[in-house]
Amino acid sequence: MKLYYAPETCSLSPHIVLRELGLSFELVRVDNRKKTTEDGRDFMDINPKGYVAALELDDGTILTEGPAILLYLADLHPRAELAPRMGSGERYRLLEWLAFLNSEIHAGLAPLFDVSLPAAAGERFRAKIHKRFDYLEGVLARQDYLMGERFGVADAYLYTLLGWCRFFEIELAHWLALNGYRERIGARPAVREAHDAEESRSFG
Ligand SMILES: N[C@@H](CCC(=O)N[C@@H](CS)C(=O)NCC(=O)O)C(=O)O
């Protein structure tokens, strides 16, 4: 398998999951501005949508969209229990979380990367994110992980998104449980390894 990634982006979550599962994979860095890969290909040929993450399976199939990639990986190793089994009631709870993370947190934070965003619009996006973080704070004050007491794919995703707060003047320490959650996940060996691997690869 190959994971097409760009450092500090949402592709960190499948990267973490690949390492949590001990799967063998190759990392291919993408220049998100030029839409090229580090091995000299046009990334638009790989994902015509033009964004990471993209996962290339051994038969050449390309899978995109973070939540789909996360579930695909978790299902390769059901015994690791990074996602509840298909057909179980808990599976729908996980889908609920992945939809929330994708549409409310990921899509809620993404506009803040736009340096031309008017200040007033930025404030509105921040205010909405604060409300969503208040909700997450309530959940994580009662349980260690999104699905309960066990780390899973949704946590790899939320961990990754919370890492963007430092770019947007969102002070995560304001939410004690959420901040503790991020620190706890950040200490996992697979997470450290993923950060180290992304930082140690230069391109361009
Ligand atoms: N809908 C996609 C969005 C992925 C996405 O937003 N990727 C960003 C990095 S976090 C990206 O590569 N953006 C580059 C671009 O849109 O040009 C998903 O959920 O996986």
Side-chain angles (χ1 to χ4, degrees), residues 1-21 25-57 61-76 82-83 91 94-117 121-122 125-126 128-129 132-133 136 146 152-170 172 182 185-186 191 194-195 197-199 201-204:
M1 274 185 294
K2 287 182 187 168
L3 178 68
Y4 295 88
Y5 83 103
E8 314 253 27
T9 71
C10 53
S11 54
L12 177 63
S13 50
H15 185 180
I16 289 170
V17 168
L18 281 158
R19 289 179 188 274
E20 288 280 349
L21 294 171
F25 65 98
E26 193 186 320
L27 275 178
V28 182
R29 187 165 167 169
V30 174
D31 182 325
N32 243 342
R33 286 209 189 102
K34 296 184 189 152
K35 305 295 172 205
T36 52
T37 64
E38 63 184 322
D39 49 10
R41 287 175 290 155
D42 182 348
F43 182 58
M44 299 303 287
D45 292 339
I46 295 154
N47 180 9
K49 290 180 278 191
Y51 49 67
V52 293
L55 185 72
E56 184 174 331
L57 311 187
T61 307
I62 302 286
L63 187 62
T64 63
E65 301 303 323
I69 297 174
L70 292 173
L71 288 175
Y72 174 81
L73 292 174
D75 289 345
L76 288 179
L82 294 189
R91 183 81 170 194
L94 173 60
L95 290 176
E96 184 182 35
W97 274 124
L98 293 175
F100 175 81
L101 297 179
N102 197 237
S103 62
E104 300 297 326
I105 310 293
H106 188 165
L109 286 169
L112 298 173
F113 279 111
D114 180 355
V115 289
S116 66
L117 188 74
F125 280 115
R126 269 191 200 79
K128 197 167 171 190
I129 282 292
R132 302 295 179 254
F133 281 8
L136 287 167
L146 291 176
V153 292
D155 301 299
Y157 194 10
L158 178 55
Y159 168 83
T160 297
L161 300 175
L162 293 176
W164 296 350
C165 288
R166 67 189 195 282
F167 303 135
F168 306 138
E169 294 159 27
I170 297 174
L172 199 57
R182 187 164 196 278
I185 294 175
V191 176
H195 281 296
E198 294 197 1
E199 277 160 22
R201 295 162 61 90
S202 65
F203 169 44

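First listed ligand is number 1; within each ligand, the first listed atom is number 1. Residues take their numbers from the sequence shown, with the count starting at 1. Not measured: the values here are computed from a predicted model. No hydrogens, no waters, no symmetry mates; every other heavy atom, side chains included, goes into these values.
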*Contact atoms of ligand 1, heavy-atom distance to G66 under 4.0 Å*: 18 (C), 19 (O), 20 (O)
*Pull out every atom of ligand 1 sitting under 4.0 Å from any heavy atom of G50, numbered as shown with elements.*
15 (C), 17 (O)
_On a heavy-atom basis, which atom in N32 and which in G50 lie closest, and how many Å separate them?_
OD1-O, 4.0 Å
*Would you check if the side chain of W164 reaches a backbone N or O of E8 as a donor-acceptor pair within less than 3.5 Å?*
yes
*Is it the side chain, the backbone, both or neither of K49 that has a heavy atom closer than 4.0 Å to ligand 1?*
neither
*asked:* For a salt bridge (Lys or Arg N to Asp or Glu O under 4.0 Å) check, start with the C-alpha distance between D39 and R41, then their side-chain angles and the critical distance, and finish with the verdict.
replied: CA-CA 6 Å; D39 49 10; R41 287 175 290 155; 2.9 Å; yes
*Among side-chain atoms of E56 and Y4, is any donor-acceptor pair under 3.5 angstrom?*
yes
*For ligand 1, find out whether one of its N or O atoms is nearer than 3.5 Å to an N or O atom of E65.*
yes
*May I ask you to list the atoms of ligand 1 that are less than 4.0 angstrom from any heavy atom of K35?*
14 (C), 15 (C), 17 (O)
*asked:* Can you confirm whether or not the ring centre of Y159 sits under 6.0 Å from the ring centre of H195?
replied: yes
*asked:* Evaluate A53 for polar contact with ligand 1, using N/O atom pairs at a separation under 3.5 Å.
replied: no
_Contact partition for N102 relative to ligand 1, non-hydrogen atoms under 4.0 Å_ = side chain
